[in-house]
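Heads up: the structure comes next, in structure tokens.
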Amino acid sequence: MSGERYNPREMEPRWQKVWDDAKSFVSSNDDPREPYYVLEMFPYPSGRIHMGHVRNYSMGDVVARYYRAKGRNVLHPMGWDAFGLPAENAAIERGMNPATWTRQNIEAMKAQLKSMGLAIDWTREIATCEPEYYRHQQSMFIDMMAAGLVTRKKSKVNWDPIDMTVLANEQVIDGRGWRSGAIVEQRELTQWFFKISDYAEELLEALDGLTEWPEKVRVMQRNWIGKSEGLRLLFELVPGNTTAASVIDVFTTRPDTIFGASFLALSPDHPLTSELAVVNTALTEFVAECHRQGTATETLEKAEKKGVFTGLHVKHPVIEGATLPVYVANFVLMDYGTGAIFGCPAHDQRDLDFARKYDLPVTPVVLPDDADAATFAVANDAYTDAGTIFNSGFLNGLSINDAKKAAAAHFATRSVDGQPQGKVEVNYRLRDWGLSRQRYWGAPIPIIHCEVCGTIPVPKKDLPVVLPDDVSFDKPGNALDHHPTWKHVNCPQCGASARRETDTMDTFVDSSWYFARFTAPDADTPTIPAIANRWLPVDQYIGGVEHAILHLLYSRFFTRAMKATGHVGLDEPFKGLFTQGMVTHETYKSPTGEWVPPTEVLLETSGELRSARHIHSGAPIAIGSVEKMSKSKKNVVDPDEIVATYGADTARWFMLSDSPPERDVQWTEAGVEGASRFQQRIWRLVGETIALTEQSSGTVRNSDDGEAAALRKIVHRAVHNVGGDIEGLRFNRAVAQIYELTNALVRSAGLVSAAPAARIGALQEGVERLIQLLAPMMPHLAETCWEALGKSGLVADAPWPPVDAALLVDDTVTLPIQINGKRRGEITVPKGLPSAEVERLVLSMDEIVRILAGQAPKKIVIVPDRIVNVVV
RNA sequence: GCGGGCGUGGUGGAAUUGGUAGACACAAGGGACUUAAAAUCCCUCGGCGAUAGCCGUGCGGGUUCGAUUCCCGCCGCCCGCACCA
């Protein structure tokens, strides 16, 4: 066997079959060992895996295989986020049934994933588009409805005119649909909502407990929930106004600045605005203009603060006899607070811009600590920092915080319109989760609309509500709604003819609980709570940061909703979260400016200079910037081709090397070649080791010498470090450790032939450990080597090698010697040698005596077993 | 604008609580083997000097015996949010 190159194309399928036949990665719910649940975000079955998947699943697989070796009962499943629009688009473009298209894609991608040799329990595979899955989702929807977690309401919603469906707030990015990129319109529709806002405070507070999540994601969620504490304040309209309303309700976080109020402003969408606009044409025009500008404009920040006076005035709430004009202003949002504000120009930049434009008074009421009350004035920059309240009657002299409290207390005791004028209120930016989608390829919402009985949940015995197969997509819009018979049913309560809900659920509902379904994928109920509670929360969840809000926030809510309805017993679904970086690649452009795929580019180097030309035409190619792999820039590398050329292990190894996993990794041909060479190097090392062992058979293996002892130390250290790095998800460092160990073993193998047999024993043991360390990352190669070394069983089943703690510590230590902080030499001394002794040794060294040249040290700093610094 | 992160050789990146900066890898250069190539092996590889010297972790200060690490002030890049009252 030695001398031959390792052939991954031959060995990889072989081991995949062995693992399959041995059911190596099937996990049992009855296994008494401590469970460990590792999960990568399940893929959308687009038809082909991409390098991002390879990176994601390589990481998860290392974790899964490592904890298996550590003796944990590991759950590492895989499924398909299988509902969604691309299937419908394929149906429209190719006349294929969405189910057929999706199932074909799943088969193709499953074969690709299998070729990666992942340690996945395929017996638990689920696809969200199968009735066996979504029936439970429908059942939970009904439970959640009964628990008051679902509502149906008419509201302004985001309408995507290309995908012809409603989108949740979280799915609108910069005013555009997250999938289609179309500018989103506002429409009034009656929709189903999950009451996620009921959990705003809980979802916010629990973020502090998610210590194994990236800070970045927690901050993003915190901002998204957007808590602010303030005061609801009623302003009385001055009698004689042209409206039936008697008060305007305002939300503020700065009640301390109330004495500086100089106007009120309503949102263009405020009900009072609409009422007044009926008779006020200037206002009507202004509102229309605001709507034209919309929310899509990216220059909102720079947009001029504009408004129209309504003709109304309100009483100033704390200055007797004073009134404030009421405007409609373009910068006031209807969907935050009450849709109305009071403007305090001196201490809010927007209010100041507005006041300057319309010549409204600017009265400072917060005095900076170093300013003079007699001269302090606000010019073009509002003062928003700390200070003392002044110009403010009963609030004078207070700090901002004390003044907030005092103002709140004041308004709580005053009454307007028969209610307290001021009420402390907490506001959240988080809106309820609109889940209705006007599309076919999703889980049907299990509701029947009856003229007599109203909206009635489908009785559970009638679940699932199955999507019809015989649909046509010849008309735009919702194919379910166009189906000739599907929606016509009888009311389950009164029997009268009724209409099925034709909206389907947002696909983010599907992905909000799949991790729980994996724990009992064949159960008759959505979960088996005792089993789910044992596996959950997911110990390590791995995926892209693009789901920081959408999927991860929804899942956190849904888990709570499942708890409220008795399906699980926990709040947080993911204990550890890791967000991996993207896979990038150089981009290439032809002389005519077209993108050229890497497969058509021939790279050349002469010295440090790199150039490229077209592989066929020879035309020069410009090497462009490094970008995320994307079809549009054609800088994608197909995992299938990599697996076919180099094997899965090489691809996995490269994905784990060099770049820290949370950062982007650049795919390069040279890098893959390097990974492939390393694979061969391991194989040669194993071959050499076997040859050496055979030559020395019969000699005593356990005698020892210094070389062998040194090698053992290196090996144990590597085992210790690699384990720690995998647990900390520092795969790049684990890889570097393995390289170092390999280098040491190769060196040792080169020296061993003329050496005592003891060294062969140490070498052989070291190589076995190396193979075990390698096994989570290059599992096929590791099995091949394990077998060649004559080890019984699979390395996949071998326990993680124990570490002899005694071998992790040295009995001597090399101390750097600094003179005035600069390294001037080193000394090797027994560990723990008293400082006085170290000092004596150092000062007697020729080297040091020479450099000191007779100067007497002022001070000698000795950090035991660390460093010596001589100060002169 | 607000929030988060980052800045180290030609490149990706290492560096416990402040303690030998540049591990490991890639690229490059030189050499060995070979008829040749590939593969493999050996050597060099932060800069300037080239003797045992000096400088060096974005820039400028500071704290310290000692700073990539801590503090203050700048500059630059990336990501997220963005009229949130």
Side-chain angles (χ1 to χ4, degrees), chain A residues 5 173-174 214-220 222-224 226-228 230-231 250-254 257 265 267 295 297-305 329-333 335-344 347-351 353-354 427-429 545-546 548-549 605-610 654 657-660 662-666 668-675 677-678 680-681 684 730 732-743 746 750 814-826 847 850-851 857-863 865-872:
Chain A
R5 286 174 64 81
I173 293 150
D174 290 336
E215 180 59 21
K216 182 184 178 175
V217 173
R218 293 195 289 167
V219 167
M220 283 167 74
R222 211 169 278 137
N223 292 343
W224 186 262
K227 179 181 182 173
S228 61
L231 197 67
V250 156
F251 178 73
T252 179
T253 56
R254 292 300 301 274
T257 64
S267 161
T295 48
T297 326
E298 276 118 36
T299 52
L300 268 184
E301 170 77 3
K302 289 169 212 140
E304 203 184 350
K305 307 289 176 271
N330 61 351
F331 64 93
V332 181
L333 307 173
D335 56 0
Y336 188 78
T338 60
I341 60 154
F342 82 75
C344 177
H347 305 292
D348 183 291
Q349 193 59 48
R350 294 157 302 175
D351 296 349
D353 294 346
F354 192 81
N427 244 298
Y428 299 92
R429 214 176 69 112
V545 72
E546 65 273 18
I549 293 175
T605 45
S606 71
E608 298 287 318
L609 291 175
R610 296 175 69 235
F654 178 59
S657 312
D658 293 342
S659 286
E662 69 277 12
R663 282 196 225 166
D664 291 353
V665 63
Q666 187 188 342
T668 62
E669 194 73 4
V672 186
E673 294 278 0
R677 274 201 300 273
F678 176 66
Q680 298 299 342
R681 189 161 190 240
R684 280 196 308 276
R730 298 179 295 262
N732 57 321
R733 293 212 319 207
V735 164
Q737 293 281 350
I738 292 174
Y739 272 118
E740 283 188 67
L741 175 59
T742 307
N743 290 344
V746 168
T814 299
L815 302 176
I817 302 167
Q818 296 180 334
I819 296 191
N820 288 340
K822 296 207 159 131
R823 186 180 180 279
R824 284 297 139 91
E826 61 179 38
E847 182 86 2
R850 188 188 57 78
I851 297 169
K858 281 197 199 110
K859 184 175 172 187
I860 299 182
V861 181
I862 297 176
V863 183
D865 298 337
R866 257 277 149 70
I867 199 163
V868 177
N869 192 8
V870 181
V871 187
V872 292

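All chains are named by letter (A, B, ...) in the order of the sequence lines, taking the proteins before the strands, and each is independently numbered beginning at 1.
With B:rC83, B:rA85, B:rC65 as the choices, the nucleotide that has an atom nearest any side-chain atom of A:Asn330 turns out to be B:rC83. Of the candidate nucleotides B:rC84, B:rG4, B:rU20, B:rG4 has the atom nearest to the side chain of A:Val219. Listed candidates were B:rU20, B:rG53, B:rA85. Nearest to the side chain of A:Ser228 is B:rA85. Looking at the side chain of A:Arg866, the nearest of the listed nucleotides B:rU17, B:rA85, B:rC41 is B:rU17. The side chain of A:Tyr336 approaches B:rA85 more closely than any other nucleotide in the set B:rA14, B:rA85, B:rC65. Of the candidates B:rG4, B:rA21, B:rA27, the closest approach to any side-chain atom of A:Gln818 belongs to B:rA21. For A:Arg824, counting side-chain heavy atoms from C-beta on, the closest listed nucleotide (B:rA14, B:rC54, B:rG3) is B:rC54.
The same atom, P, is picked in B:rU69 and in B:rC6; the two are 13 Å apart, to the nearest Å. A distance of about 41 Å separates the P atoms of B:rC26 and B:rC72, rounded to the whole Å. For B:rG60 and B:rG53, the C1' atoms lie 27 Å apart once the distance is rounded to whole Å. Comparing B:rA38 with B:rA28, their P atoms are spaced 12 Å from each other, to the whole Å. The same atom, P, is picked in B:rU11 and in B:rG58; the two are 14 Å apart, to the nearest Å. Taking atom P on both nucleotides, B:rG12 is separated from B:rC81 by 27 Å, rounded to a whole Å. Rounded to the nearest Å, the gap between the C1' atom of B:rA25 and that of B:rC75 is 32 Å. With both ends at atom P, the span from B:rA23 to B:rA36 equals 34 Å, rounded to whole Å.
Under the Watson-Crick or G-U wobble criterion, with both distances below 3.5 Å, B:rA23 is left unpaired in every strand shown.
Summary of the strand contacts: A:Arg429 and A:Gln666 both lie near RNA chain B, and taking for each the nucleotide with the nearest heavy atom, the more 5' one is attributed to A:Gln666. Residues A:Val863 and A:Arg663 each lie close to RNA chain B; by heavy-atom proximity, the contact nearer the 5' end of the strand is made by A:Arg663.
Residue A:Lys822 is in sugar-phosphate contact alone, with no base atom involved, counting any heavy-atom pair closer than 4.0 Å across all strands shown. Note on A:Val332: a base of the nucleic acid sits closer than 4.0 angstrom, heavy atoms only. Looking at heavy-atom distances under 4.0 Å, A:Asp348 makes no contact with the nucleic acid at all.
Counting atom types as modelled, A:Arg850 pairs a side-chain N or O with a base atom of B:rA52 as donor and acceptor under 3.5 Å.
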